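Contents: one structure, followed by commentary.
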Amino acid sequence: MLYFEDFTEGRRFDYRPVLMQAPDMIAFASKFDPQPMHLDEEAGKRSILGGLSAPGWHTSAIGMRMMIDAFLGNSSSQGSPGIDFMEWKRPVLAGDSLGGFSLVLESRESKSKPMIGIVRFRNEISNQEGEAVAISECSIMFRRREKEQRP
């Protein structure tokens, strides 16, 4: 179990690859972002994106899942006060393999909640060519270890 004290500046958590499959992309887009380039290969090819592309929100949701698998699922996470920024840098096309990492930028103790620490991360998702497709920064609140268990 990871606690606030485990998130030291510079610590990196690598993501396991995720293959972006057309049926999943279309299902997500059908429900949340039904624009033609997200629903139909030919419409995607006619767009500036060059093919069936995942909505940016789908890419972000995949990134969230990768964070869960990399470290959040085995942590004392208490949620997030928000995302500082999110950028979608390149289209994510059907067949792309996404990977990436979360990097601890800084951590601080909460002033109002002494059993909580706040960690700020830079999250990068890249495609199989190593090209960044999404970058974000966010803060996550983690429970601290009991005083007698702290380093």
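This structure is a prediction, so every number in the text was calculated from the model and none was measured.
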Would you compute the distance between atom [atom1] of [X] and atom [atom2] of [Y] and round it to the nearest 0.5 angstrom?
X    : Y    : atom1 : atom2 : answer
L105 : E137 : CG    : CD    : 5.0 Å
E124 : R122 : CD    : CZ    : 4.5 Å
I26  : H58  : CD1   : NE2   : 11.0 Å
R144 : K113 : CZ    : NZ    : 14.5 Å

- Message: Membership question, hydrophobic clusters at under 4.5 Å side-chain separation (ILVMFWY): are L52 and L93 in the same one?
- Response: no

- Message: What I want to check is whether the side chains of N127 and E129 have a donor and an acceptor closer together than 3.5 Å.
- Response: no

- Does one side chain, of D96 or Q128, offer a donor that lies under 3.5 Å from an acceptor on the other? yes

Less than 4.5 Å apart, side chain to side chain, heavy atoms only: is that true for [X] and [Y]?
X    : Y    : result
R108 : V119 : no
M67  : F13  : no
R65  : I62  : no
S60  : M86  : yes
M66  : R16  : no
T8   : V104 : no

- Task: Work out which heavy atom in F4 is nearest to a heavy atom in G117; give both atom names and the distance.
- Result: CD1-CA, 3.3 Å

- May I ask you to decide if the ring planes of F142 and F7 are parallel, tilted or perpendicular, using 30° and 60° as cut-offs? parallel

- Should the heavy atoms of other residues, nucleotides or ligands under 6.0 Å from CH2 of W57 be counted, would the total exceed 12? no

- Message: Does this structure show an ion pair linking K89 with E131, if we count only N-O contacts that are shorter than 4.0 Å?
- Response: no

- Taking only Lys NZ, Arg NE, NH1 and NH2, and the carboxylate oxygens of Asp or Glu, determine whether R11 and E9 approach each other closer than 4.0 Å. no

- Query: Does Q78 use its side chain to pair, donor to acceptor, with the backbone of S76 at less than 3.5 Å?
  - Reply: yes

- Message: Using ring centroids (six-membered ring only for Trp), state whether F101 and F71 fall under 6.0 Å.
- Response: no

